[in-house]
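Okay, so here's the structure we're looking at.
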There are 2 protein chains.
Amino acid sequence: MIPGMAVTPTAPGAATPDDRALPLRERKRLRTRRTLAETALRMFTEKGFDATTLEELVEEAEVSKSTFFRAFPAKEAVAIEAETQLWAAYVAALEERELSGVVLVELRDALTRAAVALDPDWDRRYVATRRLILATPALLAYVDHHRTGVERQVVACLTGKLGLDDDDLRPQVLAELATTAWSVAARRWVREEGRAGREVLIRRLHGAFEAVPASLDLSASQASPAPSASLEPPASRA
Amino acid sequence: MIPGMAVTPTAPGAATPDDRALPLRERKRLRTRRTLAETALRMFTEKGFDATTLEELVEEAEVSKSTFFRAFPAKEAVAIEAETQLWAAYVAALEERELSGVVLVELRDALTRAAVALDPDWDRRYVATRRLILATPALLAYVDHHRTGVERQVVACLTGKLGLDDDDLRPQVLAELATTAWSVAARRWVREEGRAGREVLIRRLHGAFEAVPASLDLSASQASPAPSASLEPPASRA
DNA sequence: TACTCAAACGAGACTGAGTGTCATTATTTG
DNA sequence: CAAATAATGACACTCAGTCTCGTTTGAGTA
């Protein structure tokens with residue numbers, strides 16, 4: 001590939017850099033995986049997730065059903081590759097670093113690092129994926145489960161690194177706050193078609209994280225007026 | 001049908017009061033539902049969820065597959081009836097009351113009211129259900145999704161009642177904190193076979209809610225020493 | 001280059017969940 | 001008691017996901 005012509009020449013998924021370093025087998029594996037994910041995203045978007053059978057998909061991608069299930073555990077999984085990549089990077093970013101200071105900030109930064117490290121094409125795929133998910137109950141269920149799985153990993157990581165008790169609810173709460181902050185930030189970003197660049201997404205993410213502490217103090221009387229994280233709680237924390 | 005020989009005395013699952021007020025059709029519907037849930041919980045516990053086919057289940061419960069799917073949307077659903085009942089009661093308890101004061105407290109109280117209102121047999125079924133869930137990946141995924149659905153309803157309810165913006169992350173955060181508090185409280189309770197009564201469960205629940213605000217301040221240095229969090233106040237508790 | 005071993009692949013049979021149709025039966029209502 | 005209505009059971013069908021097995025293909029070695 002000539003470094004100058006960065007854009008994909010419209011071939012179904014085969015137009016990726018394919019890290020030359022890896023053994024040939026691995027490269028093929030990855031290419032098959034990418035082709036499947038790309039084909040799936042296109043077909044599901046065009047025809048709908050339910051209306052597209054697995055058989056149609058594997059025929060279009062020119063692999064067998066067996067191969068599909070060696071690459072993905074379920075039909076749903078191939079549709080949410082972009083999600084999967086993000087959260088895998090998040091968990092990896094968290095695990096590879098030592099913890100110091102406020103944990104919620106650590107989570108925010110791990111998520112930030114994960115987001116900036118994703119390949120340039122990720123933006124487009126993520127937006128399309130989110131759209132698809134919102135229109136497809138089966139995918140909604142699948143991402144719910146996937147998200148919970150990520151949170152479990154984060155909890156395990158935190159519990160381990162901090163030497164906490166298994167019944168401690170704090171890592172659980174923090175893990176959920178982090179994913180929720182992402183959800184809220186990403187929702188608006190996706191709504192704007194991701195026209196705004198990834199920096200905007202990350203800025204929104206940080207904004208969401210800052211708004212989290214104020215959530216606890218939401219009460220019925222002063223409800224709508226205070227959407228920003230301005231006021232500090234009366235007697236909340238030690 | 002001889003009117004004299006009333007309802008099956010010791011038939012599997014028919015031994016419930018059957019609110020006399022309801023129209024006959026509704027009573028039958030409910031009885032079928034209960035029978036299915038009870039039979040399912042027993043068979044799944046004995047043979048395993050995956051190893052029990054739907055056909056075996058409906059044969060044992062003496063209904064057709066059609067009837068099953070009119071009562072439950074999926075095989076998974078019949079296994080988690082106890083969960084479903086709890087969360088339905090929770091949402092109902094929240095919706096039927098006006099909000100005043102700190103929302104997190106409102107959620108805690110709605111959950112408390114829901115828990116105390118459940119039928120006496122619920123304890124046993126819930127414990128068995130949780131055990132089954134933990135041993136069954138498919139059910140784990142299903143409850144994850146179910147829980148998220150409940151949170152969505154809570155968010156919608158709060159957003160509506162408080163007149164909040166759709167992008168406000170606060171109701172989302174609060175909804176998740178509530179379900180998390182329950183999860184943590186219930187986990188230990190279930191581990192002890194629910195030998196302790198429901199009051200204990202509720203006391204644990206309140207303890208978990210109280211520990212939530214401190215979660216935000218968890219940091220790497222003062223990590224393990226200060227678990228004012230999950231461990232409930234030793235012996236003395238109001 | 002040839003040869004071997006292991007891993008990935010394709011083909012196809014098979015299981016079981018979930019859906020749709022329709023005739024039959026049970027409950028409600030007038 | 002009769003007509004309208006709703007639930008039921010039987011059955012055929014689709015399709016995701018699993019399993020088996022024979023074939024291909026890349027990796028390591030002589």
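Below, chain A is the first sequence line, B the second, and so on; all start at residue 1.
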Can you list the residues that meet the ring-ring contact (aromatic ring centres under 6.0 Å, His included) rule with A/Tyr142, with sequence neighbours excluded? none
With A/Val58 via side-chain contact (heavy atoms from CB on, under 4.5 Å) - residues at least two apart: A/Val63, A/Phe68
Electrostatic pair A/Asp165-A/Arg170, nearest N-O below 4.0 angstrom: no
Regarding A/Glu83 and A/Arg130, does a basic nitrogen lie under 4.0 Å from an acidic carboxylate oxygen? yes
Measure from CG on A/Leu54 to C1' on D/dG17 and round the result to the nearest Å. 9 Å
Measure the distance from CG on B/Asp50 to C1' on C/dG16 and round it to the nearest whole Å. 11 Å
Please report the distance, rounded to the nearest Å, between CZ in B/Arg33 and C1' in D/dA7. 16 Å
Of all of residues 67-78 of chain B, which get a heavy atom below 4.0 angstrom from DNA chain D, listed by number? B/Thr67, B/Arg70
Residues of residues 57-66 of chain A with any non-hydrogen atom less than 4.0 angstrom from an atom of DNA chain C: list those, numerically ordered, please. A/Val63, A/Ser64, A/Ser66
Is it true that the side chains of A/Arg125 and A/Gln85 contain a donor and an acceptor less than 3.5 Å apart? yes
Report the residues that fulfil side-chain contact (heavy atoms from CB on, under 4.5 Å) with B/Arg124, sequence neighbours left out, ordered by chain and then residue number. B/Asp121
Mind grabbing the angle between the end helix axes of the helix from C/dT4-D/dA27 to C/dG30-D/dC1? Five pairs an end, 10° rounding. 30°
Does either side chain, that of A/Arg147 or that of A/Thr180, offer a donor lying less than 3.5 Å from an acceptor on the other one? yes
Who are the salt bridge (Lys or Arg N to Asp or Glu O under 4.0 Å) partners of B/Glu56, not counting sequence neighbours? B/Lys47
Set of side-chain contact (heavy atoms from CB on, under 4.5 Å) partners for B/Thr84, sequence neighbours left out: B/Ile80, B/Glu81, B/His146
For B/Arg198, all residues meeting side-chain contact (heavy atoms from CB on, under 4.5 Å), sequence neighbours excluded: B/Leu118, B/Trp122, B/Asp123, B/Leu201
Polar side chain donor-acceptor pair, A/Thr35 to A/Thr32, under 3.5 angstrom: no
Between B/Leu86 and B/Ala114, what is the shortest heavy-atom contact and its length? O-CB, 4.2 Å
Would you jot down, in residue-number order, the residues of residues 132-146 of chain B having a non-hydrogen atom under 4.0 Å from DNA chain D? none
Within the distance-only criterion (no hydrogens, no angle test), does the side chain of A/Arg113 pair as donor or acceptor with the backbone N or O of A/Ala89 below 3.5 angstrom? no
Protein-nucleotide distance (A/Arg27, atom CZ; C/dA8, atom C1'), rounded to Å: 16 Å
Any donor-acceptor pair under 3.5 Å from B/Thr179 side chain to B/Glu176 backbone: yes
Calculate the interatomic distance between A/Leu36 atom CG and C/dG10 atom C1'; express it in whole Å. 14 Å
Rounded to whole Å, the CD-P distance (A/Glu55 to D/dG17) equals 14 Å
For A/Phe49, does the six-membered ring have the charged nitrogen or CZ of A/Lys75 within the cation-pi criterion, i.e. under 6.0 angstrom from the centroid and within 45° of the normal? yes
Does B/Phe209 have any ring-ring contact (aromatic ring centres under 6.0 Å, His included) partners at least two apart in sequence or in another chain, and if so, which? none
Per-nt protein contacts along nucleotides 25-30 of chain D (heavy atom under 4.0 Å; B base, S backbone sugar-phosphate only, - none) come out as BBS---
